[in-house]
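Report on the structure given below.
Order of the sequence lines fixes the chain letters, A, B, ..., with proteins taken first and strands second; residue numbering starts at 1 for each chain. Note that the coordinates shown come from a computational prediction; the quantities given were computed from them, not determined experimentally. Below, all heavy atoms of this structure are taken into account, side chains as well, without hydrogens, waters or symmetry copies.
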Amino acid sequence: MTLDQIKPGKGGIIVAVNGEGALRRRLLDMGLTPKTKVVVKKTAPMGDPIELSLRGYMLSIRKDDAAKIEIEVIADDSGVVGIGR
Amino acid sequence: MTQALLALAGNQNSGKTTLFNVLTGSNQHVGNFPGVTVEKKVGQLKDLKEVSLVDLPGIYSLSPYTSEEVVTRDFILQEHPNLIINIVDATNIERNLYLTLQLMELQVPMVIALNMMDEVVQSGNSIDTERLSKQLGVPIVPISAARKQGINELIRTIKKMLKHPVAVLKPDFCSGEVHRAIHAIAHIIEDHAKQCDYPLRFAATKLVEGDSVMQQKLSLHDDDIHIIEDIVKSMEHALNVDREAALADMRYCYIESICKDSVCKVQETYGQQRSEKIDRWLTHKYLGIPIFILIMLFIFYITFSVIGGALQEWLEMGIEAFTEQFSILLNNIGISNWLHELLINGVCNGVGSVLSFLPIIVILFFFLSLLEDSGYMARVAFVMDRSLRRIGLSGRSFVPMLIGFGCSVPAIMAARTLSSERDRKMTILLTPFMSCSAKLPIYGMITAAFFPDHAALILISVYLLGILVAILSGLLLKQTVFQGDCVPFVMELPAYRIPAAKSVLLHMWEKAKDFLHRAFTIIFIASILIWFLQSFDWQLNYISDSSASILASLGSALARVFAPLGFNDWRAATALLSGVTAKESVVSTLSVLTQGNDAALAQMLPQIFTPLSAYAFLAFTVLYMPCIAAFAATKRELGSWRDALLTVGYQTVAAYVVALLIFQIGSLFL
């Protein structure tokens, strides 16, 4: 499953970050690295971009880019993301 | 203490500007880094005047992909600051430390200012700064820049570090395969790094990451490049991830391991909880956009009608009164007629009419800094992003463009807050297509004369035409000039904060100063030039009849150029020329050149235009180069005459082509 398919309020663990170049590096730099827990908080009014919660902060990315992030869905989707994995 | 240079580095939204203002007071100089439109602020420390502090752009990493990041690393590598002050947002420590680890590799003495510690503590969380400092090998001072807590301690530490510089006690935060690769490569490139005066560890890490900029700068032999490639490939193979992911993962793993020991987070901070509640409304699925529109309408109303309008009137009255008194004074001294005219009509009126924009600019920037510093601007980008994506921009450009409907000058100046250089340039180019309020009198004049029954329709169509051309230009530019290097939209939504009064005031003052500086340099000279062209003929005789002036003869020559657009008339061409000083002058010039008052003008207009050519004239006015004040702002923000001239050149060509199409295609049907 990829991150753009996750419904708001649900989350998962990052398996891989695909794509290339500046975008991919930026995603990695912002902490979207494999094994990180990420929760989709909401979708923007026009349906795109989406708001994520990870590593204790909020990040916004576009759906096209979220489609490059592979996710393993987890049962616990309380929406709380703490420090650590 | 002798001269010293400090660099302030940190993430966006970490409170960097607030700390910079606290440390330097109002003692700042704003410019650009050479060759790029990246802002560079320099100031002197309040109680250590011989120590300069440079505010580096807010960045998240030292990757080679954005000009902000490249500027930061070039500055540290080439200017050799004595000390880096790394500001770290304690409420968001994991991601902030990611940049810290990269800065540490630069091997410059460093101190960490751990900002917003008050918020961490208030929320029942804690950070063991002593322990964290030991783990990182960097002194850490907990501060709150907004509340000015811990600032004395920070300055004490800075003084101590300047007196006894301690290089970063580099902990080996790499491990396993990455560790092996970095050290193997460090061994190979040691001599090259020394020659270029680059920190070895930084250079080696960047090569592992596949940083092309670093590869070029080190000027390695082909053999070495092959060996390095082999080392990195075997690392990738062993870890089963590619190089960039391996390094990012390594850094975050290290951060997680030290945070586990030093950071205790029981809950999100109150600020973060509050932000989530506020965002339930401000980024609401249905209410998000209406709220944004209401906020902007409120800002426009206050700026252009209530305060700005009134202040502008007073200022105009003041300038008029001054001009009158000045004129009497000049008469009493008994200077020659032309000099009197130059000072009064050229300088006072020219600069005066531009100066009257000052209140609007200051007030607009008051609101803009509130939007920016509170964190709402990021939400605007989030909410509006989709609308601008097609043309290759992000939601961040929405606000500058919106302001363009009021006045292009602050709109162009507002583009500075955009976080990528490419977006800044493109926004500056497209913003003047948003029809500014100074063009309204022109629309009023034309619609009254030619389309009295469809005034509203014509007005709307003119505004839409501007937007349409901006969209088409965006698409065109995306495919040509701004190809490829699209900066990804990966944007932090920072917690909402109450803006610091000092930051807001400094921002307003800085913009006002900027504008005044331009008013008395480039606009001053342009006013004199235009006055000269209007008041003299080619034999340099001073004339009273402006239809015999150089400007009018230029207008006559230009009229032929406008013939394909349907208005082969020297008065129309001259009016467009004078519109470059300020768009309102199009109307006043036409009125002067048709010898008289508004009634005469209304009668003369049908002799100059047909309804179709009048519409082509309108289209040209919406799109062609903005006024001289906006041009000066463009030049200032782009930092280059060439780019500024290309920009207004493009706008004028676009205006010509569109007006031509309208007239020629229209002629087929009408």
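Among His284(B), Glu209(B), Gln267(B), the residue with the largest count of heavy-atom pairs under 4.5 Å with chain A is Glu209(B). Interface remark: of the candidates Gly210(B), Ser63(B), Gly288(B), Ser63(B) forms the most heavy-atom pairs closer than 4.5 Å to chain A. With respect to chain B, the highest number of heavy-atom pairs below 4.5 Å among Asp29(A), Ile50(A), Leu59(A) belongs to Asp29(A).
Across Lys42(A) and Thr283(B), no two heavy atoms sit closer than the pair NZ-OG1, 2.6 Å. The two residues Met46(A) and Arg386(B) make their nearest non-hydrogen contact at O-NH1, 2.9 Å. The minimum heavy-atom distance linking Lys285(B) with Pro45(A) is given by the pair O-CB, 3.3 Å. Listed here is the closest heavy atom pair of Tyr252(B) and Thr33(A): CD1-CG2, 3.9 Å. Contact detail for Arg25(A) and Ser61(B): the closest heavy-atom pair is NH2-OG, 3.7 Å.
Distance alone, capped at 3.5 Å, places no donor-acceptor pair between the Arg26(A) side chain and the Pro488(B) backbone. With hydrogens and angles ignored, the 3.5 Å screen pairs no side-chain donor or acceptor of Lys41(A) with any backbone N or O of Glu276(B).
Arg379(B) and Glu51(A) are not joined by a salt bridge, as no carboxylate oxygen comes within less than 4.0 angstrom of a charged side-chain nitrogen. The pair Asp242(B)-Arg24(A) meets the salt-bridge criterion, with a side-chain N (NZ, NE, NH1 or NH2) lying under 4.0 Å from an Asp/Glu carboxylate O.
Of the two parts of Phe382(B), the backbone and the side chain both hold a non-hydrogen atom closer than 4.5 Å to a non-hydrogen atom of chain A. Interface remark: Ser394(B) contributes backbone and side-chain atoms alike to the contact with chain A (heavy atom separation under 4.5 Å). Of the two parts of Arg243(B), neither the backbone nor the side chain holds a non-hydrogen atom closer than 4.5 Å to a non-hydrogen atom of chain A. In this structure, chain B has no heavy atom under 4.5 Å from any part of Leu52(A). Heavy atoms closer than 4.5 Å to chain A are found in the side chain of Gln272(B), but not in its backbone.
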Working for side-chain contact (heavy atoms from CB on, under 4.5 Å), residues Lys35(A) and Cys253(B): CA-CA 10 Å; Lys35(A) 291 183 285 249; Cys253(B) 280; 5.9 Å; no
What verdict does the side-chain contact (heavy atoms from CB on, under 4.5 Å) test give for Val490(B) and Leu23(A), after you've listed the backbone C-alpha separation in whole Å, the side-chain angles of each residue and the deciding distance to 0.1 Å? CA-CA 8 Å; Val490(B) 179; Leu23(A) 168 74; 4.1 Å; yes
